[in-house]
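Computed from heavy atoms alone, side chains included, the values below leave out hydrogens, waters and symmetry copies. Positions are given from 1 along the sequence.
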Amino acid sequence: MNRPGHAPASRLKDGTGPGSPEAAALDATWSDPPGLLGWLAAVNHKSIARRFIVTTFCFFVAGGLLAVVMRLQLARPGSKLVGPDLYNQLFTMHGSTMMFLFAVPVMQAVAVYLVPLMLGTRSIAFPRLNAFAYWIFLFGGLMLYVVFVLGAGPDAGWFSYVPLAGPDYSPGKREDFWAQMITFTELSALLEAIVVITTVFKLRAPGMTLNRIPLFVWAMLVTAFMVLFAMPSVMLASTMLIMDRLVGSHFFNPAEGGDVVLWQHLFWFFGHPEVYLIFLPGLGFLSAMIPTFARRPIFGYTAMVLSLIATAFLAFGLWVHHMFAVNLPELGKSFFTAASMLIAIPSAVQIFCWLATLWGGKLDFKTPLLFVLGFFFILVLGGMTGIMLASVPLDLQVHDSYFVVAHLHYVLIGGAVFPLFGAFYYWYPKITGRLMSERLGRWNFWLFFIGFNVAFFPMHLLGLKGMPRRVYTYQAGLGWDAMNMVATIGALTIAMSVLLFIVNAARSLRHGAPAGANPWGAGTLEWATESPPPPCNFHAIPVVHGRDPLWEHPRPEAEGAQPAFTHVSGLAADTRELLATTVLDARPDLRLNFPDPTIWPFVSAVAVTALFIGSVFTPWAVVWGSIPIAIALTAWFWPDRAETSVHLSLERKP
């Protein structure tokens, strides 16, 4: 019975299929509002994720174009295409873009789209916080590129070592904007980590126990915990740097009792785990795609999960191998050498499990599987040079040479970008409802694979011949000319490949073949709903009985039809009600009411951006800028009377 004075409880309950009044009510309830204000107020996780993915990919293209300009500059000795100042900005912006504005954010963006679908729930946890994280990320990235276009881009490298980035050697505002961008992007990453962790622990479909969670979700859960431990380190470092620059503190000034090596410790305590923040989601992509194209469940599920967790632990014990050239105790260097080699073990376990899955499977060589196989080849080469660099004597020989550049790109592009491109082809039909062209996809893969090796393998040899990195030109006759030209040709080939991918994705939006609900015949839960999914994700919440739910139900006879799931029903269809489950065994626990869309996360992000930009010019901006932030946050969390009445009317007595 409803309480006196409260609005009547919902009479429409979920549990029916598409086309019913209840399903229509669900779709209307979970849709974003129309119009420009509705677009700014959107909180649906799929809307936010699509924007996130497009934004990060735009930054990826921008960072790639900067790299092409650098390679054109280095193609010939004595080139005057760009000067030293612009070159310093180019490699700084390239590294900062790829590491802070693309690599980690794009993985989180994909997770924001897929994790709720894979878990069988209707929304991601904290949808307004999720929207706020996206706006913060967007404004931080735009701020960095605006100052770059205005000729004030940062020029001290993506690592911004002090004292080079300190007030004495980098006057002006360049490094201030870089430090503020770090705060923006890492705050966004922290918020997304909280959102993902809560979603995984509390919003799984009934029956999805911890040992039934898809491996991609496990990978994102482990990554989210790593973000919580790694990101505060670099945020602390960037805050200390900007205080040194703006208010005269001396954290990194040895003349006043500070320590420049402290910056390196704080930065690389974040910097090396960041490699695995990129790498682990890539492993999750592979663990989703390999069973599908091998037509059999993954081999060694438990070993795969334990390897992910072991990799995360070991990743925090490696950062000093970036500092072997620093005057540190030899015993400490030996420890970090051992840890750097030890991390190869969990990675090897995962590779063994994937190969075992492929070995016994019936392979379907579609474009996503080609990128998976490319991953194996590239990552093995990157891993071998990684073991070489874990050795102190060899690391000292090739330190700050192009050998390190080659290793870095083999690991990051091989470990993350190859799986990511495979993932784009794999989940594109789920996002758009259409398949990408297979013929263009194969051209995309082969151009990328060949171009990558042509571009980066010669850099190993350039490093061994003594070419230092971060130089804007070099003299002829040093034996570097031909290999630099070859590397430039490879970079242009990669650019052509990425252009082909963009053409394929854009063309397939309208002209791609209709995908149906499950075009690959996959076994995980995101393929149980329509493509693209309805606003509510699932009209009936499925009940899970195994790790591959779609392979444990009879296949639908008609193409695109949904399998006959057992499901739970009874949630309100005309208000945002969700089912929360217990952490360990995913038993129904609570009925939650989620908030409606609101524009205040967007307004709050604008206010935060104004404060941070203002603080670059005057510390008083922190004081005055706090007022609009407080107003926006108050409006954000102010209770809505009508919404509260509906929520109270739905409360049940225990």
Q: So, Tyr428 side chain and Leu509 main chain: donor-acceptor pair closer than 3.5 Å or not?
A: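 Yes, because the side chain of Tyr428 sits within donor-acceptor range (under 3.5 Å) of the backbone of Leu509.
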Q: Using the side-chain contact (heavy atoms from CB on, under 4.5 Å) rule, take Met98 and Leu412 through it: C-alpha gap first, then chi angles, then the decisive distance, then the call.
A: CA-CA 10 Å; Met98 292 305 191; Leu412 292 183; over 6 Å; no
Q: Does any non-hydrogen side-chain atom of Ile345 lie less than 4.5 Å from one of Leu314?
A: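 The answer is no, as the side chains (C-beta and beyond) never meet within the 4.5 Å cut-off.
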Q: Please tell me if the side chains of Leu308 and Gln350 come closer than 4.5 Å, counting only heavy atoms from C-beta onward.
A: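 Result yes, sub-4.5 Å side-chain heavy-atom pair found.
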Q: Start with the C-alpha distance between Phe267 and Phe270, add both sets of side-chain angles, then the distance that settles ring pair (Phe, Tyr, Trp, His ring centres under 6.0 Å), and finish with yes or no.
A: CA-CA 5 Å; Phe267 185 84; Phe270 142 84; 5.7 Å; yes
Q: Take Trp354 and Leu283, measure what side-chain contact (heavy atoms from CB on, under 4.5 Å) needs, and give me the verdict at the end.
A: CA-CA 10 Å; Trp354 290 323; Leu283 304 186; 3.3 Å; yes
Q: Check this for me: Phe316, atom CZ, are more than 12 non-hydrogen atoms of other residues, nucleotides or ligands nearer than 6.0 Å?
A: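 Yes, CZ of Phe316 has more than 12 neighbouring heavy atoms, counting only those of other groups under 6.0 Å.
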Q: Check whether any side-chain heavy atom of Phe100 lies under 4.5 Å from a side-chain heavy atom of Phe184, and answer yes or no.
A: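 Counting from C-beta outward, Phe100 and Phe184 never come under 4.5 Å.
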Q: So how far is it from Phe126 CZ to Thr198 OG1, rounded to the nearest 0.5 Å?
A: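 Spacing of CZ (Phe126) from OG1 (Thr198) equals 4.0 Å.
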Q: Distance-only, no hydrogens or angles: does the Trp551 side chain make a donor-acceptor pair with backbone N or O of Gly521 under 3.5 Å?
A: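 Yes; judged by distance alone, with no hydrogens or angles, the pair exists.
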Q: For the residue pair Ser233 and Leu266, what are the closest heavy atoms and their distance?
A: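 Shortest heavy-atom contact: OG-O, 2.6 Å.
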Q: Quick check: does any side chain N or O of Arg128 sit under 3.5 Å from a backbone N or O of Trp636, one acting as donor and the other as acceptor?
A: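 Indeed, once roles are kept as given, a pair shorter than 3.5 Å links the two residues.
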Q: Got a donor-acceptor contact below 3.5 angstrom from the Arg212 side chain to the Gly207 backbone?
A: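 Flag set: sc Arg212 to bb Gly207 pair under 3.5 Å.
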Q: Distance from Leu277 atom CG to Phe225 atom CZ, nearest 0.5 Å?
A: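 Result: 13.5 Å between the selected atoms.
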Q: Hey, does the side chain of Lys202 reach the backbone of Leu579 with a donor-acceptor pair shorter than 3.5 angstrom?
A: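 Side chain of Lys202 to backbone of Leu579: no pair is present.
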Q: Using side-chain heavy atoms (C-beta onward) and a distance below 4.5 Å, is Thr223 in contact with Met107?
A: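 Counting from C-beta outward, Thr223 and Met107 never come under 4.5 Å.
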Q: Dump the intermediate steps for side-chain contact (heavy atoms from CB on, under 4.5 Å) on Phe216 and Thr524, then the final yes or no.
A: CA-CA 10 Å; Phe216 172 72; Thr524 44; over 6 Å; no
Q: Have Thr575 and Glu577 got a donor and an acceptor in their side chains that come within less than 3.5 Å?
A: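 Checked: Thr575/Glu577 side chains show no N/O donor-acceptor pair below 3.5 Å.
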Q: A side-chain contact here means heavy atoms from C-beta on lying under 4.5 Å apart; do Glu192 and Asn130 qualify?
A: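 Side-chain contact under 4.5 Å: yes.
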Q: Evaluate the criterion ring pair (Phe, Tyr, Trp, His ring centres under 6.0 Å) for residue pair Phe371 and Phe424; output intermediate values, then yes/no.
A: CA-CA 10 Å; Phe371 278 100; Phe424 278 142; 9.8 Å; no
Q: If you measure from CG on Leu369 to CE on Met289, what distance do you get to the nearest 0.5 Å?
A: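 One finds 8.5 Å between CG of Leu369 and CE of Met289.
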Q: Please tell me if the side chains of Phe57 and Val106 come closer than 4.5 Å, counting only heavy atoms from C-beta onward.
A: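 Phe57 vs Val106: side chains apart.
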Q: Would you check if the side chain of Asn44 reaches a backbone N or O of Trp30 as a donor-acceptor pair within less than 3.5 Å?
A: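 Side chain of Asn44 to backbone of Trp30: a pair is present.
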Q: Does Val112 offer a backbone N or O that forms a donor-acceptor pair with the side chain of Lys46 under 3.5 Å?
A: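 Such a contact is absent between Lys46 side chain and Val112 backbone.
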Q: When you compare the side chains of Ser20 and His539, does any donor N or O come within less than 3.5 Å of an acceptor on the partner?
A: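 His539 and Ser20 do not have a side-chain donor-acceptor pair below 3.5 Å.
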Q: Report yes if the distance between the aromatic ring centroids of Phe52 and Phe137 is under 6.0 Å, otherwise no.
A: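 Ring centroids of Phe52 and Phe137 are less than 6.0 Å from each other.
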Q: Where is the tightest heavy-atom contact between Leu40 and Phe602, given as atom of each residue plus distance?
A: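 What the structure gives for the nearest pair is O-CB, 3.8 Å.
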Q: Do side-chain atoms of Thr357 reach the backbone of Phe299 as a donor and acceptor pair under 3.5 angstrom?
A: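 Pair found, side chain donor or acceptor close to backbone of Phe299.
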Q: Can you name the nearest heavy-atom pair linking Pro419 to Ile413, along with the distance?
A: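 That would be CD-O, 4.5 Å.
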Q: Determine yes or no for a side-chain-to-main-chain donor-acceptor pair under 3.5 angstrom, with Thr199 supplying the side chain and Ala125 the backbone.
A: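 Between the backbone of Ala125 and the side chain of Thr199 there is a qualifying donor-acceptor contact (under 3.5 Å).
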Q: Start with the C-alpha distance between Met436 and Phe501, add both sets of side-chain angles, then the distance that settles side-chain contact (heavy atoms from CB on, under 4.5 Å), and finish with yes or no.
A: CA-CA 9 Å; Met436 293 178 75; Phe501 170 79; 3.8 Å; yes
Q: Do you know which two heavy atoms are closest between Arg295 and Thr292, and how far apart they sit?
A: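 Arg295 and Thr292 have their closest heavy atoms at NH1-O, 3.2 Å.
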Q: Determine the minimum heavy-atom distance between Pro597 and Ala41, stating which atoms define it.
A: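 Here Pro597 and Ala41 meet closest at CB-O, 3.3 Å.
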Q: Is there side-chain contact between Leu117 and Pro533, with at least one heavy-atom pair below 4.5 Å?
A: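 The answer is yes, as the side chains (C-beta and beyond) meet within the 4.5 Å cut-off.
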Q: If you measure from CD on Gln108 to CG on Leu190, what distance do you get to the nearest 0.5 Å?
A: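 These two atoms lie 8.5 Å from each other.
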Q: Please report the interatomic distance CZ(Arg547) to OG1(Thr209), rounded to the nearest 0.5 Å.
A: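 One gets 8.0 Å once the value is rounded to the nearest 0.5 Å.
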Q: Which atom names give the shortest non-hydrogen contact between Tyr425 and Pro368, and what distance separates them?
A: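 Scanning both residues completely, I find the closest heavy atoms to be CB-CG, 3.8 Å.
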Q: Start with the C-alpha gap between Phe60 and Phe102, add the side-chain angles, then the distance that decides, and say whether ring pair (Phe, Tyr, Trp, His ring centres under 6.0 Å) holds.
A: CA-CA 6 Å; Phe60 171 72; Phe102 169 68; 4.5 Å; yes
Q: Side chains of Val110 and Met220, heavy atoms from C-beta outward: is any pair under 4.5 Å?
A: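 Heavy-atom side-chain distance check fails, nothing below 4.5 Å.
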Q: Relative to each other, are the rings of Tyr276 and Phe279 parallel, tilted or perpendicular (30° and 60° limits)?
A: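 Because their plane-to-plane angle is over 60°, the rings of Tyr276 and Phe279 count as perpendicular.
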Q: How many angstroms lie between OG1 in Thr581 and CZ in Arg204, if you round to the nearest 0.5 Å?
A: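 One gets 5.5 Å once the value is rounded to the nearest 0.5 Å.
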Q: Taking the side chain from Ser238 and the backbone from Thr183, do they hold a donor-acceptor pair closer than 3.5 Å?
A: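 Not confirmed, Ser238 side chain does not pair with Thr183 backbone.
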